[in-house]
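One structure below.
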Amino acid sequence: MRTLTYREAEPQALKVLVDGVGEGLVLLGEGGYYALYYFFGLYGRKAPDPEEPPDWVEGPRPSPEGFREPYDQAKWLEANGYMLFINESK
């Protein structure tokens, strides 16, 4: 899941969480549901780069419900000490 590009993940998304910070794509994967977060708004862009991997992956969960919106997820990460949560492979 951590290496799926936006182009690969978007067609598989069961649910899309979107706001000004980015997109969270909810997918079914091994062991449950995952949210792949692409925080393109933090870079000042209006859309994700199709070839970029996600900045953050959350899961697995037993249900596709309960994943945070991108803004809320970014704030949660910062509040919990993940100051450098942007994917280092970018």
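Only a predicted model underlies this, so the values are computations on that prediction, with no experimental measurement involved. Numbering starts at 1 and runs along the sequence shown.
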**Polar contact flag, side-chain donor to acceptor under 3.5 angstrom, Tyr43-Asp55** =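 Yes, Asp55 and Tyr43 have a side-chain donor paired with an acceptor closer than 3.5 Å.
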
**Request:** Please indicate whether Glu30 has more than 12 foreign heavy atoms, meaning atoms of other residues, nucleotides or ligands, lying under 6.0 Å from its CD.
**Result:** no

Out of curiosity, [X] [atom1] to [Y] [atom2], how far, rounded to the nearest 0.5 Å?
{"X": "Thr5", "Y": "Leu36", "atom1": "OG1", "atom2": "CG", "answer": "10.0 Å"}
{"X": "Tyr34", "Y": "Arg2", "atom1": "OH", "atom2": "CZ", "answer": "9.0 Å"}
{"X": "Glu65", "Y": "Lys15", "atom1": "CD", "atom2": "NZ", "answer": "4.0 Å"}
{"X": "Gln12", "Y": "Leu4", "atom1": "CD", "atom2": "CG", "answer": "6.0 Å"}
{"X": "Trp76", "Y": "Arg68", "atom1": "CH2", "atom2": "CZ", "answer": "5.5 Å"}

**Item:** Leu77 and Tyr37: CA distance, side-chain angles, deciding distance, side chain to side chain contact (heavy atoms under 4.5 Å, CB included) verdict
**Value:** CA-CA 12 Å; Leu77 290 166; Tyr37 289 96; over 6 Å; no

**Item:** Partner set under side-chain contact (heavy atoms from CB on, under 4.5 Å) for Tyr6, not counting sequence neighbours
**Value:**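 With neighbours one apart ignored, the set is Glu10, Glu23, Leu25, Tyr38, Pro48.
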
**Message:** Testing the basics here: between Pro70 and Asp19, what is the closest heavy-atom pair and its distance to 0.1 Å?
**Reply:** CB-OD1, 3.4 Å

